[in-house]
Every structure is written in C-alpha cells, then in structure tokens.
A.B. asks: 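The structure is given below, and queries will be raised subsequently.
This is a predicted model, so every value here is computed, not measured.
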Amino acid sequence: MSACVPTRATDPSDPHRASHLHPPHSPPPTPPRRFRIASADVSASIAVFLIALPLSLGIALATGAPLQAGLVAAAVGGIVAGRLGGCPLQVSGPAAGLTVVTADLIHRYGWRTTCAITVLAGVVQLGLGCLRVARTALAVSPAIVHGMLAGIGITIAVAQLHIVLGGTPQSSVLDNLRALPAQLARVQPAAVSVSALTLALLFLWPRIPGRAGLLLRRIPAALVAVAGATTTASLTGLVLPKVDLPSWSSHALAGLPEGPALGLVAAVLTTTLVCSVQSLLGAVAVDKLAAGRPDLLAGGPGSGSGRGVRVGRSDLDRELLGQGAANIVSGALGGLPVAGVAVRSSANVQAGAVSRNSTMLHGILVVIAALLMVPVLEFIPLASLAALVMAVGIQMVSLHHIRTVTRHREVLVYAVTTLGVVVFGVLEGVTLGIAVAVGVSLHRLTRTRITHHERDGVHHVHVRGQLTFLAVPRLSRALHLVPQGADAVVELDGSFMDHAAYESLQDWQKTHTVQGGSVELTGRSPGTSIAEPSGAADCRCRPWTAWRNHQCELPRPAAASTPTWSAVSDTGTLGAAGAAGAAGAAGAATAAVSPGPFGASGPSGMSGASDASGASGENSGPDEAGRPVRPGGSGELGNASGPTGSSGPGGPGTSRGPAGSSGPLAPAGSGGHELARGISAFQRNTAPIVRGELARLAREGQQPAQLFLTCADSRVVTSMITSSGPGDLFVVRNVGNLVPLPGEESGDDSVAAAIEYAVDVLKVRSITVCGHSGCGAMQALLDSEPGGARTPLKRWLRHGLPSLERMADDSRAWAKLAGRASADAVEQLCLTNVVQQLEHLRAHDSVARALRDGELELHGMYFHVGEAQAYLLTEASSEGVFDRVTDADGLRSPV
C-alpha cells in the first residue's frame, strides 16, 4: 500500500476529527505559543531593578515630589513604555534630565497640576508619534543636547550639595550659589559623613581589582553605596532625615491643571521636548550598544540563554508612542514624568537582556518593592540619596562631550546652551542654543576664504569653504588676477557650490581657455568639477576614503630614458621613480617583481615603520580577469586622486609597464608617469589632511598597538583590511607570512629582528599572523619537488615545510573555516600555515616571555580576497576554527 494513502477512512462529518483537519498541501496549524521569559532577561531585570530603586527615590527627592512618585514612574516606565515602546532594550523611568523641569513645575503649580502637565505632555507625544515626526528630533544639534544635559547636571549637583551638607536647597541655581557660604558655615557632620561614604562606595566599587572584584562588580555600585551608607547610619545611631513613604491610601493623583494658560502650554511643551529628545537619543544610543553584542545580531530563534536572538533597530515613532502612553499613565497615577534613562538602559544591555521582557519584569519588581519593602526603604538617609543624585548630575557634564564639540567647533553652542539652562531654565536655554547654532551655521555658510598665489609659473586659486552667490564677487576678483594665457589651478576645498558660483566659474574657465591658458579644477568632493576630460567622466575618487578600483585611463607607454630624479610638487612631474623609492617613502621594504605563479610581491621583506593607512606603497596585482591594474589615481581636472597614492592599496608603490611587469627602477613614461601623478595627488589632496597627524607621530615616535605579520601579496592591504591609520600597525610582510623558528634563519634574521623589536622595544600588545586565499607561496609548497636548484625563493619557503607536514598528519584535525569546508588544498594549507606560524611565534624568547607575563596576545587571521571577508581564529586549541568577522565582532579569543 502506498504511504500516501490513508489506512482509515475519515468521516468529514465527525466533529471531533473535523477540528484536526487542515487543507491539503499546507503545513499543519502552528500550536499556540507559550509565553516564556529567557533566563538572560530575568538576570538583567534584577540588575536594572537594583539600580532603578535608589535612583528613583533620589530623583523624586531632588524634584521635591512625593517619594512614591519616583517608584510609580519607574514601574510605569518599565511596564508600559517597555511593552509599547519601539526600543525593546531601552529602560524608561524618572530621568535625571527631567529633574530641573519637574522641580520648577512643582514650585510654580503644585504637585497635582504637575501630574496633569505630565498627562498632557504624554498626549502631545502620542500626537507626534502618530504624525511620524520622531526622526525630526534627531535634527537637533548634539551640542545643544549635550549642553542641555550639562546645564541640568550642574543644576542638580548644586541643589543636592545643600542636602549633602545637611541643609535645604533653594529654588534656583543662583540662589543656591548665594546661599552656599552660609550653608558651609552650618555643616551637619552626620549628613556629610553619610554622603562621603556613599560617594566613596559609588566610585571605588567599580574599581575593585582582582578576581574577587570581577565578581563583586556585578552588584550595581548605586545599590552598594546606598545600602552601605544606610547600614552604617543604622549601626552607628546617626540622627538623620530619612525616607518617609506615607501610606499609598494618601498618595496624591493628578488633578485639573490650574494656572495661566500660556504658562501651562509652555510647561507642557517643555516637558514634551525634554522627554522626547532624551528618549529618542537614548534609543539611538541603545542601538549602538546592542550592535556590540554578537548574540543580538545573529538571526534565528531565541533560546533560554538568549543566543541567536535578533533585536532589530529601534522604531522611533513607536518609541514616541510608548513614551507618550507611559507619561499619561504615570501622570494619572501621581508619578514623575517618564523618559528613556541612559544608565539603566546601558546596564540592561550589558547585563545580557535579549528582549523587552527584561524591561517589563524590572517594572514588576519595582511594584513589588513599593508594596512590600516600605519598612526597609524608610531606613535610607536622605543625605545618601542626595549624594547619589549629585554624582549623577556631575557625570552629566561629560568631558567626552566637551572634547567632541570642541573638535567640531561647536563650543559656543554648547556653552550658551549650558549657561542658558543654568541661569534661565531648560526651555530658555535650549532656545538660546538653537538660535546660536543657526547663527553659527549661517556664519560658516557665508565665510569663504579665497586666496591667490603663484608658484613655479602656475597660478593657484584656493577656495576654502562653501561657494555661494555671496562669495562670487571675491571669486571673480581672484580669478581675474590670473594673467591671460597662464596655467591656472583652482582648488575647491568645500562640499557645496550654488548655481551662481557655478556659472561664474564656468564662464571664466571657458574664456581663459579660449585665450590660450589652461585650467585645472580640483576638489575634495565629487561634483565640484566644472568640466572633465574624456574617459574620466565616471571617475569619482576622493582621498582618504575606502579604496576602489578607480583608475580612469590606461597607462601610456613611453620610450625609455636615462633615469633622473626630480622633486614632486602639487602639479609637478617625476622624471623617473622606482618602486623601491616609493615603497621606502611609504614605509614598506617589499621589492617588486612581475606577477608570477607565486602571486607575491617579492621575497622576504618587512615594513620597518608603522603601516600608514593608505600610504603603504603596495603594488596592485592583476584583476580577476587577468588584466593588469594600474596603480595611482588621476590628478586630472575634476578628479582628486583616491586612496591610491593616498589611502588605498593600489598606491604608487611600483611602476608597471604595458605588460604589467615592473623593474626595480622604472624610468618615467609609463609607471613613472603614474607614480608621479599619484604622489602629486597625494601631496595636493591627502597630505594636507594627514600632515598634522604625521607631524605628531614624527615628534612623539611610533607607538603601535599591534604587530601584523602578513604575506607580501599585493592584494592584501593591511591598512584597508584593518581600517588602521598612521602609527597603528607595525607590519612585517614576506612571501607566505612565514615565521622562521629561532636558529633556522641561516643568516636571514629580518623577521626575528622585527618580532624582537616590536615586543621588547615597541611593547605591542598583540601579534596577528594573517594568511590569505590564493597564496602563491602555499601553491609553490604543494608543487615543490625534492632536489633541483636551491634558489633564494626555495630556501625561504623551507620555513613553510612544517605547515605542509602538519596538514599531512592524519592524527591532527584540520583547521577550517566556520560554515564551510576548505575550497581546495591550497586554502587548507593557507589555514594550516597560520596555525603553524603561531606555534613558531611562541618559540621566540621575547614572545614566550611576554605571553607568560600576560602582556601579549596572539591572533590568527585569514583574508579571503575574492569575498573581501576576514576570518579570525576563535578557538584556543592547537587546531581551530576561523570564524567570519562581522560588524559586532572583534578579536574575541586569543590563541
């Protein structure tokens, strides 16, 4: 009987069987899903709860609201915003950024009206979420946001300082500062002692060293600080004001708003603005934190441990809706305004949360604590909570933010916003910050510097800044300083040009060209060109960017001439240049050879200096179709040379003839012309960008963090693969990325010398051995036969014989790539060779000593050229798995 024929007839009229039927050719119905909470969410919720409990009470104390209001906001933020919000891992609750706003509202309108304002602010947030304008909030300059938080932090710290000293804060920052001398004259020793103990525990707890400290640091510092101060105060019998939680039956709920309509509208808008901006920026920050956790990026069903759970990017409009709903509920129940909280959110992500269940469960724990732990909470001294909140306020003035706004020249916006918040209030300070930010932007848009100078008979007109109609008169005056028939270079150093400037520049270019002159226009950004030569219309190359095969024309052959050296200027040419000279200038000592079966650039060579990103001097090999790829970029009109010669792999490290071969010193004409153009483009476009950094490195010397040992193959570009820059990597390159064992170099000590210098002198913290696909050295090892002439290449490749023997040893497990088997024997040998060379590294005295002292890590790496994919050796066993490197991965396990 066929297996497809049922053995029993089914009566469709049978009601018991009809319920189990499903249409043919369709999957059976999915059983109902059971609600499960991952263990990772449970542990994370406990960690967040332990942080939220003291902070919620402290923020309520700082605002002057009933202390229960902080617990209500924490519970509602966790349950309502956690369930409805668009950022699953963000934890909401009473935020320190809302302290000043709420305190001012309570002072002006009373507590019940403040609750009503919170409800109305939630309604406005719901409306904004329905209008899908959440992304608009991100248009606010970060300098304004950081300045607002800094101003709020200063206000909080100054106010809480009075409670720390045993007094009562005033209503404004200026009043608190004026009252501070009198408060210092009547300091309460008990309050100061408890506060000092709280601050000491808060800052010292995360710094406990050793293995015991690693375990103890899992307990939140805020909880330890408050618990320690509370225990000490109770045991010593200190008489201090403590937490007073009245009965929930007398808890005040929201009432009808009372006060001037205009003032109430301003209060609602201020609360809405601060809550929304802080929550949305917090959601973006949580996305960045989640991106650092590989288990949240790999798709697949979740498990009890949370592995393989996918947490998507935040839905900001939904997050705004969730925050609005939470504020409505919190205000109606007599709670503080709710917003996303950075401290709790980061703790949630770092504790391993995998879903919104963690946030919701933390809210439930707050409810349980508010109902059952009231007798315990009433032992907490108010001075301890004030010290905790004061520390939070101080931390809101972030030195990292100050350095960031300084680097982006927005100190004025930051300072005005901070002072405005401190002196006038949050809404007024933010308004002042926005006005100053707009003024600074207009100033930058209209401030354009145009200079003219002559050098070597060439007239240079340099335009720095945005080229708008306001700058056209100055541009015209500078252009008319160029004599008729002269050679001119117009350098456009900006990202914007309007139509008026375009017309003026184009008309002058046409006129000057007709009169016998020449015009070359260069710019950092594509699109600033006015005209382009034939064949270069599709070339859009920029210096110091990700590398591309961006060659715009084929090399032009030229007759050989006697090599002569000449200086390379911005528009100059090089009479003759060799690959060795360019490579030396770039810090590489790899000799150039014709692409042969070994696929390598030459015999053993090493970079004697840190591998400068983009100036590695490595020669370009043929592409996948076998066509020669020309190094160097075009310095022609409208085309700034890209990473070649500046920040790419195809830099002017070799000079290549029409046949794709190169010699040690190639005369100008083919490769020399390309080399000259590449260096000229580097000096014109990239050198101004990196000159300051290289000058610093020249003064301070190199301090690389890694020794990177890789193959001399021209397709392996260390700076591109590792996104490194000048001074980051100490690079050793040789054929086959080989590490000869000590004592077996037979006069070739270059690799051992580099290792000793990197470990003992430069004190690098890690060494990486990097192999790659299609390695010609590994192919040569497989094809090698005993006997024959002992050429230099064969003598060098003998250091790879242990890798060949390791692969042939049946008792050893093969190294492999995660997710697939090796494509062929060459790839298998490439992987095995990386593992073998790591063992050779351990045999060097300097490496062994640094490994014993815990000062060094070894890493294995494999780069698949065709896939442009890097793999890292992830297991510490003698044979390991090379795992794919994603955006969230790093060097995860030292080998």
A.B. asks: How close do L762 and P704 get, heavy atom to heavy atom, and via which atoms?
C.D. replies: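 Scanning both residues, the minimum pair turns out to be CD1-CG, 3.8 Å.
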A.B. asks: Taking side chain as C-beta onward, heavy atoms only, is L505 less than 4.5 Å from Q509?
C.D. replies: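 Not touching, per the 4.5 Å side-chain cut-off.
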A.B. asks: Using a 3.5 Å distance criterion without hydrogens, assess whether the side chain of T511 forms a donor-acceptor pair with backbone atoms of D507.
C.D. replies: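 Yes; at least one donor-acceptor contact below 3.5 Å.
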A.B. asks: Kindly compute the distance separating OH (Y862) from SG (C770), expressed to the nearest 0.5 Å.
C.D. replies: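 Answer for the OH-SG pair, Y862 versus C770, is 10.0 Å.
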A.B. asks: Tell me if a side-chain donor or acceptor on T417 pairs with a main-chain N or O of V413 at a distance below 3.5 Å.
C.D. replies: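 Answer holds: yes.
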A.B. asks: Of the options V769, T710, L709, I721, which is the one that meets M861 in a side-chain contact (heavy atoms from CB on, under 4.5 Å)?
C.D. replies: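 Of the listed residues V769, T710, L709, I721, the side-chain contact (heavy atoms from CB on, under 4.5 Å) partner of M861 is I721.
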A.B. asks: Give, for atom CG of L707 and atom OG1 of T768, the distance between the pair rounded to the nearest 0.5 Å.
C.D. replies: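 That separation rounds to 8.0 Å.
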A.B. asks: T513 vs V519, test: side-chain contact (heavy atoms from CB on, under 4.5 Å). Steps then yes/no.
C.D. replies: CA-CA 7 Å; T513 305; V519 179; 4.2 Å; yes
A.B. asks: On a heavy-atom basis, which atom in V735 and which in A777 lie closest, and how many Å separate them?
C.D. replies: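 Closest approach of V735 to A777, heavy atoms only: CG1-CB, 3.5 Å.
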A.B. asks: T722 and D728: side-chain contact (heavy atoms from CB on, under 4.5 Å), yes or no, with the steps?
C.D. replies: CA-CA 10 Å; T722 60; D728 290 341; over 6 Å; no
A.B. asks: Given side chains that start at C-beta, do those of L479 and V490 come closer than 4.5 Å, heavy atoms only?
C.D. replies: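 L479 vs V490: side chains touch.
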A.B. asks: Take a 6.0 Å sphere around CZ of R447 and say whether it holds more than 12 heavy atoms from other residues, nucleotides or ligands.
C.D. replies: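 Counting other residues, nucleotides and ligands, CZ of R447 stays at 12 neighbours or fewer.
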A.B. asks: Please check if the number of heavy atoms outside R444 that lie under 6.0 Å from its CZ is greater than 12.
C.D. replies: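 Enclosed.
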A.B. asks: If I take atom CG from residue N737 and atom NE2 from residue H772, how far apart are they, to the nearest 0.5 angstrom?
C.D. replies: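 N737 CG to H772 NE2: 6.5 Å, rounded to 0.5 Å.
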A.B. asks: Begin from the C-alpha positions of L481 and V461 and carry the test side-chain contact (heavy atoms from CB on, under 4.5 Å) through to its verdict.
C.D. replies: CA-CA 9 Å; L481 294 176; V461 177; over 6 Å; no
A.B. asks: Keeping R715 on the side-chain end and G774 on the backbone end, is there a donor-acceptor pair under 3.5 Å?
C.D. replies: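 Yes; judged by distance alone, with no hydrogens or angles, the pair exists.
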A.B. asks: Would you say S719's side chain and S724's backbone share a donor-acceptor pair under 3.5 angstrom?
C.D. replies: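 Such a contact is absent between S719 side chain and S724 backbone.
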A.B. asks: How far does CD of Q466 sit from OG1 of T448, to the nearest 0.5 angstrom?
C.D. replies: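 Between Q466 CD and T448 OG1, I get 7.0 Å after rounding to 0.5 Å.
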A.B. asks: Look at atom CZ of R464 and say whether more than 12 heavy atoms of other residues, nucleotides or ligands are closer to it than 6.0 Å.
C.D. replies: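 No.
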A.B. asks: If every non-hydrogen atom of V482 is compared with every non-hydrogen atom of A486, which pair is closest and at what distance?
C.D. replies: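 Shortest heavy-atom contact: CG1-CB, 4.3 Å.
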A.B. asks: Hey, are S518 and D487 close enough side-chain-wise for a donor-acceptor pair under 3.5 Å?
C.D. replies: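 A pair is found: one side chain offers a donor N or O, the other an acceptor, under 3.5 Å apart.
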A.B. asks: How about V764 and Q706: do any of their side-chain heavy atoms sit closer than 4.5 Å?
C.D. replies: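 Side chain of V764 against side chain of Q706, heavy atoms only: no contact under 4.5 Å found.
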A.B. asks: State the CZ-CZ distance between R474 and R449, to the nearest 0.5 angstrom.
C.D. replies: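 Between atom CZ of R474 and atom CZ of R449 there are 11.0 Å.
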A.B. asks: If every non-hydrogen atom of Y502 is compared with every non-hydrogen atom of M497, which pair is closest and at what distance?
C.D. replies: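 Shortest heavy-atom contact: CA-SD, 3.7 Å.
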A.B. asks: Would you call the rings of H452 and H459 parallel, tilted or perpendicular, taking 30° and 60° as the class edges?
C.D. replies: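 H452 vs H459 ring planes: parallel.
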A.B. asks: How are the rings of H146 and H401 set to each other: parallel, tilted or perpendicular (split at 30° and 60°)?
C.D. replies: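 Ring orientation, 0 to 90° scale: parallel.
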A.B. asks: A quick test of your reading: do over 12 heavy atoms of other residues, nucleotides or ligands sit less than 6.0 Å from NE2 of H400?
C.D. replies: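 Not more than 12 within 6.0 Å, no.
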A.B. asks: What class does the angle between the rings of H512 and W508 fall in, given that below 30° is parallel, 30 to 60° is tilted and above 60° is perpendicular?
C.D. replies: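 Correct class here is parallel.
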A.B. asks: Taking atom CD of Q484 as the centre, report whether more than 12 heavy atoms of other residues, nucleotides or ligands fall under 6.0 Å from it.
C.D. replies: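 Atom CD in Q484 is not crowded, with 12 or fewer foreign heavy atoms closer than 6.0 Å.
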A.B. asks: Say you draw a straight line from CG of L399 to OG1 of T404; how long is it, rounded to the nearest 0.5 Å?
C.D. replies: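 The distance works out to 10.5 Å.
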A.B. asks: Which pair of heavy atoms, one from T418 and one from A150, lies closest together, and at what distance?
C.D. replies: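 Here T418 and A150 meet closest at OG1-CB, 3.9 Å.
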A.B. asks: Restricting to non-hydrogen atoms, name the atom on C711 and the atom on C775 that form the minimum distance, rounded to 0.1 Å.
C.D. replies: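 Closest approach of C711 to C775, heavy atoms only: SG-SG, 4.2 Å.
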